[in-house]
Amino acid sequence: MANRSAARRPMHGAVVRTVCAALALLATLNIHGTARAEDGYELWLRYRPVEPAWLARYRPHATHIVVPDDSATLAVAGDELVRGLEGLLDRRLPKVAAVSGPGALVLGTPASSPLIARLGLDLDALGSEGYVLRSVRIDDHPAIAIAANEDSGVLYGVFHFLRLVQTRAPLEALAIADAPAVQHRMLNHWDNLDRTVERGYAGASIWDWHKLPDYLDPRYVDYARANASIGINGTVLTNVNANAVSLTPMYLKKAAALANVFRPYGIRVFLTARFSAPMEIGGLATADPLDPRVRRWWQAKVAEIYAHIPDFGGFLVKANSEGQPGPQDYGRSHAEGANMLAEALAAHGGLVIWRAFVYSHEEPDDRAKQAYSEFVPLDGEFLPNVMLQVKNGPIDFQPREPFHPLFGAMPRTPLMMEFQITKEYLGFATHLVYLAPLYEETLRADTRVAGKGSTVARVIDGSLHGYARTGMAGVANIGTDRNWSGSHFDQANWYAFGRLAWNPHLSSAEIASEWLRMTFSNDARFVAPARDMMMRSREAVVDYMTPLGLHHLMGRSHHYGPGPWVDGGPRADWTSVYYHRATEQGIGFDRTASGSNAVAQYAPEIAAQFGDRKQVPEKFLLWFHHVSWDYRTRSGRTLWDELVHRYTRGVETVKNMRLTWQGLGEFVDAERHAQVSAFLAIQEKEARWWRDACLAYFQTFSRRPFPPDYEPPRHSLEHYRSLEFPYAPGI
Ligand code: GCV
């Protein structure tokens with residue numbers, strides 16, 4: 001990436017000597033001398049030389065590259081292959097026009113490459129983004145074909161091929177065919193025009209709006225490369241809490257400059273649309289979606305956008321949610337609002353992605369029920385180019401939530417998944433929490449709406465309801481920090497999101513291995529324990545923050561640290577007490593028929609399971625039930641003892657993660673190892689803080705002692721309550 005190319009620039013002798021001395025010093029800091037200092041900028045695209053034994057095995061397969069140079073996408077595909085293999089195989093790989101001996105890598109589509117056309121590969125089932133990697137013979141020479149129907153498929157094939165080498169997979173007898181299961185694989189940036197990032201913990205926004213469109217930070221290319229390598233093909237540049245200014249001509253030029261950078265990488269640009277934009281930047285007196293002037297305004301605005309960005313993806317819209325304007329301000333439905341924008345976009349092939357994250361100020365009912373109540377009656381009323389984007393769970397990206405009841409409930413409206421990659425509720429950037437198990441848990445959940453096996457993944461890939469459009473979005477964790485994500489391990493969450501968006505049926509453990517091998521080391525003595533640490537990390541955070549189905553216990557507004565005592569303020573459902581409902585009798589939110597009856601929003605089999613405290617998975621016990629402190633959990637412990645046990649277990653797991661990481665120093669460069677170690681120390685301290693603060697608070701209700709062998713909180717409840725963080729990041 002940028003630092004690689006910098007390393008290739010010619011340097012003056014004196015500078016060279018200084019740099020060499022510094023490198024020698026750094027090498028001595030690492031006793032094994034193999035792992036050199038790194039800052040994480042290169043992500044999983046480091047392309048370091050393979051070990052000598054693998055070099056001998058791989059080199060015969062890659063001697064030269066044959067790629068047509070008639071498209072920008074094929075050009076970047078060829079360049080990436082050269083860059084990757086030259087790094088990995090430590091040799092020059094010429095790009096040539098014809099096969100000149102064994103070991104050719106032949107890239108292209110049947111339309112762009114006569115060689116590929118001649119091979120007659122079966123590409124029929126691969127669509128526009130799938131590809132094959134196939135061992136073939138060309139002019140009697142062994143070669144490898146990387147072929148697709150469209151150029152972007154070739155690019156994805158190149159990244160897959162590089163991944164094989166990066167993870168030391170065999171290259172003999174290649175016969176791989178792959179295609180994405182989901183059409184729209186998107187990042188949502190909650191980035192503001194002033195470069196702050198809502199819920200961002202990795203520095204400022206990477207979009208340098210002020211210098212755009214004239215200055216294009218080289219980082220934009222590396223962003224596109226990283227996304228293309230995991231199959232992401234759409235990016236929403238702006239915050240869902242939208243600013244109408246982003247739709248003004250000045251900002252459209254800036255967005256167009258980014259779109260130009262991303263286009264060769266198969267990435268389309270989307271923007272957020274502020275529903276009141278016709279008033280704020282259009283001078284109209286209303287934004288009523290049924291008003292003809294408003295409709296004309298959006299049509300003209302959309303035409304203007306397409307004049308700047310011919311392949312513009314469309315709008316992402318947060319409407320009538322958390323104070324954002326929307327159609328309901330005019331007594332119109334979400335469908336009427338979305339369709340008005342959809343009509344304007346349809347002529348240009350654009351999409352409206354309408355968010356289902358809505359809950360009303362006036363509605364006294366359980367917030368977990370509101371999106372379902374609002375949208376299910378609208379099923380079938382949206383135009384074909386509208387998709388509804390639904391968060392994984394019914395509240396808001398908590399460490400654990402049951403799957404959102406909308407999944408499976410809207411067969412006539414294409415539903416997209418919205419996951420959060422940035423860790424707003426999971427310890428920000430300093431807690432090591434690998435999120436793929438969370439994503440996987442939701443995707444594998446069985447909605448049962450059409451019998452067994454009606455998984456959320458099948459809603460998302462469209463196979464359950466026969467959706468014509470499919471999509472998955474992740475709220476990005478990317479910023480200007482050198483390591484992009486605020487911490488080295490948070491890169492894994494970006495990576496895993498992309499891989500699961502490509503194929504929601506992949507396993508989180510396999511993705512972890514893949515990422516670790518590419519990002520750190522292929523040594524089995526590293527990969528196995530590091531993967532184990534990652535795989536335990538999600539349960540750990542659930543344990544030390546919100547065990548047994550508790551949720552929404554964090555500090556007010558900034559969401560940093562524990563705040564189970566949060567009460568009062570502008571609305572009840574922004575407090576913690578609304579969710580845990582602790583009293584001297586017990587704790588938990590009764591969402592059964594005797595309470596809010598949110599369980600009734602699930603298919604009958606699931607409702608019966610969640611609604612019965614004997615059958616509900618214990619991880620959701622307090623999400624669906626209010627139970628007494630002496631309730632016997634499945635371990636035989638009382639609820640109170642079980643809470644103490646789980647909170648403590650969470651802290652213990654983090655301690656063990658630290659020990660694991662300490663033992664892996666020989667496989668990781670000193671710089672990255674040190675930062676991960678330091679962050680794990682913070683995580684352990686904060687896990688203990690979460691445990692102690694929550695238990696000190698809940699004990700005022702349970703009035704039970706800590707079970708023997710469990711340490712009491714280190715400080716008084718007053719101490720925890722008094723802590724304030726006026727400058728916590730992300731707001
Ligand atoms: C962008 C939560 C977050 C908000 C976010 C909102 C949303 O409430 O705290 O920062 O706003 O979700 O998803 O729209």
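Because the structure is a prediction, the values reported are computed rather than measured. Start at 1 with the first residue, then count along the sequence. For ligands, and for the atoms within them, numbers begin at 1 and follow the listed sequence.
Comparing F357, W574, F397, Y359 by heavy-atom distance to atom 7 (C) of ligand 1, the nearest is F357. Which of E418, K391, E424 comes nearest to atom 12 (O) of ligand 1 through a heavy atom is settled by distance: it is K391.
Note that K369 lies outside the cation-pi zone of Y372, set by a 6.0 Å cut-off to the ring centre and a 45° limit from the axis. Remark: R591 qualifies as a cation-pi partner of F589 under the 6.0 Å distance and 45° angle criteria applied to the six-membered ring. Judged by the 6.0 Å and 45° rule, R367 forms a cation-pi pair with Y359. Figure legend: R581 and Y578 shown as a cation-pi pair, the cationic atom lying under 6.0 angstrom from the six-membered ring centre and within 45 degrees of its axis.
A donor-acceptor pair is defined here as one N or O able to donate and one able to accept, closer than 3.5 Å; such a pair exists between the side chain of T575 and the backbone of A572.
Annotation: atom 8 (O) of ligand 1 to nearest protein heavy atom, E322 OE2, 2.8 Å. Of all protein heavy atoms, the one lying nearest to atom 10 (O) of ligand 1 is E198 OE2, 2.4 Å.
Those atoms of ligand 1 that come under 4.0 Å of a heavy atom in Y425, given as number and element, are 2 (C), 9 (O). Which parts of ligand 1 touch K318 is read off a 4.0 Å heavy-atom cut-off, strictly below it: atoms 1 (C), 6 (C), 7 (C), 11 (O), 14 (O). Those atoms of ligand 1 with a heavy atom of R199 less than 4.0 angstrom away are 3 (C), 4 (C), 9 (O), 10 (O).
At a heavy-atom distance under 4.0 Å, only side-chain atoms of W190, from C-beta outward, approach ligand 1. Contacts between D396 and ligand 1 below 4.0 angstrom, taking non-hydrogen atoms only, involve the side chain exclusively.
With 3.5 Å as the limit, one finds no donor-acceptor pair spanning the side chains of N192 and E198. When only modelled atom types and interatomic distance are considered, S485 and D490 share no side-chain donor-acceptor pair under 3.5 Å.
Between H559 and F428, the ring center distance fails the sub-6.0 Å criterion.
The closest approach between a heavy atom of Q420 and any atom of ligand 1 is not below 4.0 Å. Ligand 1 has at least one atom lying under 4.0 Å from a heavy atom of R355.
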